[in-house]
Amino acid sequence: MLDVVQKFIQKVLRELFRRRRNLKLGLYGPPNGGKTTLANRVCQDWLGEDMGIVSSIPHETREIKIKEQISIKSGKKELSFNLVDTPGIATKIDYEDFVKHGLSVKKAKQRAKEATKGVIDAIKWLDDMDAVVVVLDSTYDPYSQVNITIIGNLQARNIPVLIVANKMDLKKSDMKKVEAAFPQYNVVGISAKYGKNMDKFYEALFALVK
Amino acid sequence: MLTLQFVPYEEVEELTSNERIKKLLGMVKDERIVVLEGRLRKQEEAELIRRTMEEINERFKGIEVSVVYPEKKKGTFGRKLKSNIAEMLLGDRQGLTILGPASLIKEIRKDPDKIQLFTQERKAKKKKR
């Protein structure tokens with residue numbers, strides 16, 4: 001019972017504050033799903049600048065990054081938000097994996113340390129989000145526990161969720177598998193790298209925060 | 001040698017979230033693969049990841065975790081009713097949670113009501129259901 005009351009109060013407060021300030025739109029997901037690539041794409045489309053550095057080495061984003069006051073337009077509709085790019089959420093981080101990517105042992109250990117802190121921060125920030133885009137690599141198995149945990153936690157907090165099946169330009173991409181894994185959510189297939197289907201992504205964003 | 005430890009739901013039922021996570025993480029850090037009857041609450045799953053990150057060091061690389069949970073199948077009204085009643089009565093006791101140290105488990109694949117657990121050692125494959 002207390003849980004229900006708490007959720008209701010959270011929802012009312014979130015709605016109240018959302019009207020008074022720019023809403024916080026979070027990008028969540030596992031490492032290397034393309035969160036920062038999508039953040040850069042959105043920032044390039046509407047601000048003409050990048051938001052962060054992208055890399056093929058996992059855990060490139062190890063700190064929360066915020067780009068304030070992004071306004072997107074579609075016909076007569078306009079939407080303003082602060083975009084929050086979060087570190088990829090993982091259940092394991094091994095510095096030796098970074099060594100395999102060519103980093104020195106010292107740098108790899110430092111990266112691992114920062115990456116663990118990044119995951120902790122990303123989880124802490126879940127409560128601050130008004131809406132979340134979960135960015136998944138559509139060439140990977142969508143049934144991973146990290147994906148399920150992220151989406152389950154957003155659902156438990158009544159935070160609206162849009163799922164992006166990224167990297168649809170790749171041959172191994174399987175959009176249908178992502179849709180089948182999360183049938184209760186709107187799934188948009190995009191290629192953030194090449195800007196494919198971004199119009200559909202923006203439409204879905206309007207629908208998400210209406 | 002792999003050690004599988006079965007944890008009946010009764011063993012964690014009365015514990016607080018903090019105690020549950022501490023217990024499970026403790027077993028995993030002892031190099032055991034834990035098969036828990038039932039599942040953690042959503043917030044507990046996120047807290048498990050957070051606490052795992054706090055514990056990571058050069059020896060402990062993290063965990064692999066997966067939950068198998070009976071999906072709500074599309075079907076007749078009777079079937080749906082039965083499944084809802086089972087959920088009401090059993091709650092978090094339904095399903096199975098498998099977790100273990102990342103140093104032992106390479107990957108857990110879920111498909112979606114079957115789990116395949118790949119170990120790091122001989123890359124041997126074990127199937128669980």
Side-chain angles (χ1 to χ4, degrees), chain A residues 3 6-7 10 28 30-31 59 62 87-99 105 108-127 140-159 177-178 180-184, chain B residues 17 21 24-25 28-29 34 36 39-69 71-74 91-92 95-118 120:
Chain A
D3 197 36
Q6 197 184 357
K7 273 184 186 171
Q10 269 178 356
Y28 273 81
H59 298 283
R62 301 184 293 283
I89 294 181
T91 58
K92 59 180 176 183
I93 292 169
D94 186 351
Y95 79 90
E96 286 173 9
D97 290 339
F98 303 137
V99 174
V105 171
K109 283 182 181 175
Q110 184 60 27
R111 192 182 182 96
K113 198 176 168 187
E114 289 168 4
T116 56
K117 194 182 167 297
V119 175
I120 294 168
D121 288 343
I123 292 171
K124 276 186 196 161
W125 272 68
L126 272 173
D127 284 320
Y140 276 40
D141 176 17
Y143 291 103
S144 85
Q145 197 56 41
V146 164
N147 297 348
I148 292 162
T149 299
I150 296 170
I151 291 166
N153 270 269
L154 293 165
Q155 189 182 30
R157 288 165 168 84
N158 285 319
I159 298 170
K177 203 169 179 185
V178 180
F182 306 105
Q184 66 277 48
Chain B
S17 293
I21 291 162
L24 296 173
L25 209 48
V28 171
K29 286 185 79 181
V34 180
L36 168 72
R39 58 180 182 168
L40 296 172
R41 295 179 196 109
K42 292 294 170 198
Q43 285 89 341
E44 288 173 345
E45 283 178 12
E47 184 58 16
L48 175 69
I49 296 176
R50 195 187 69 76
R51 293 271 285 277
T52 300
M53 289 298 121
E54 285 179 348
E55 302 275 334
I56 282 182
N57 54 38
E58 281 178 38
R59 229 185 115 245
F60 179 62
K61 317 278 189 190
I63 60 169
E64 276 291 348
V65 59
S66 196
V67 182
V68 197
Y69 188 75
E71 293 281 313
K72 277 186 186 169
K73 303 243 191 252
K74 286 174 190 168
D92 296 330
L96 274 182
T97 303
I98 296 170
L99 67 156
S103 55
L104 287 181
I105 303 174
K106 190 181 173 195
E107 190 186 356
I108 303 178
R109 276 188 211 157
K110 200 172 140 185
D111 195 14
D113 52 7
K114 174 180 76 181
I115 280 184
Q116 289 178 304
L117 191 148
F118 297 82
Q120 289 279 14

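All chains are named by letter (A, B, ...) in the order of the sequence lines, taking the proteins before the strands, and each is independently numbered beginning at 1.
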Looking at B:Arg39 and B:Glu45, does any basic side-chain N land under 4.0 Å from a carboxylate oxygen?
->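 So B:Arg39 does not pair with B:Glu45 through a salt bridge.
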Considering residues, nucleotides and ligands other than A:Tyr140, do more than 12 of their heavy atoms fall under 6.0 Å from its OH?
->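 It does not: A:Tyr140 OH has 12 such atoms or fewer within range.
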Sequence neighbours left out, what passes side-chain contact (heavy atoms from CB on, under 4.5 Å) with [X]? Give chain and number order.
X	value
A:Ala181	A:Pro142, A:Tyr143
B:Glu47	B:Ile21, B:Arg50, B:Arg51
A:Lys117	A:Asp121

Does any heavy atom of chain A fall under 4.5 Å from the side chain of B:Ile56, the backbone, both, or neither of them?
-> side chain
Checking heavy atoms, do the side chain of B:Thr52, its backbone, both or neither come under 4.5 Å from chain A?
-> side chain
Cation-pi check, B:Lys106 to B:Phe118: give yes when NZ or CZ is under 6.0 Å from the six-membered ring centre and within 45° of the ring axis, no otherwise.
-> no
By residue number, those in residues 145-154 of chain A with heavy atoms under 4.5 Å from heavy atoms of chain B are A:Gln145, A:Ile148, A:Thr149, A:Gly152, A:Asn153
If you count heavy-atom pairs under 4.5 Å between each of A:Val119, A:Thr116, A:Asp141, A:Ile123 and chain B, which one has the most?
-> A:Thr116
Are any non-hydrogen side-chain atoms of B:Lys61 and A:Tyr95 less than 4.5 angstrom apart?
-> yes
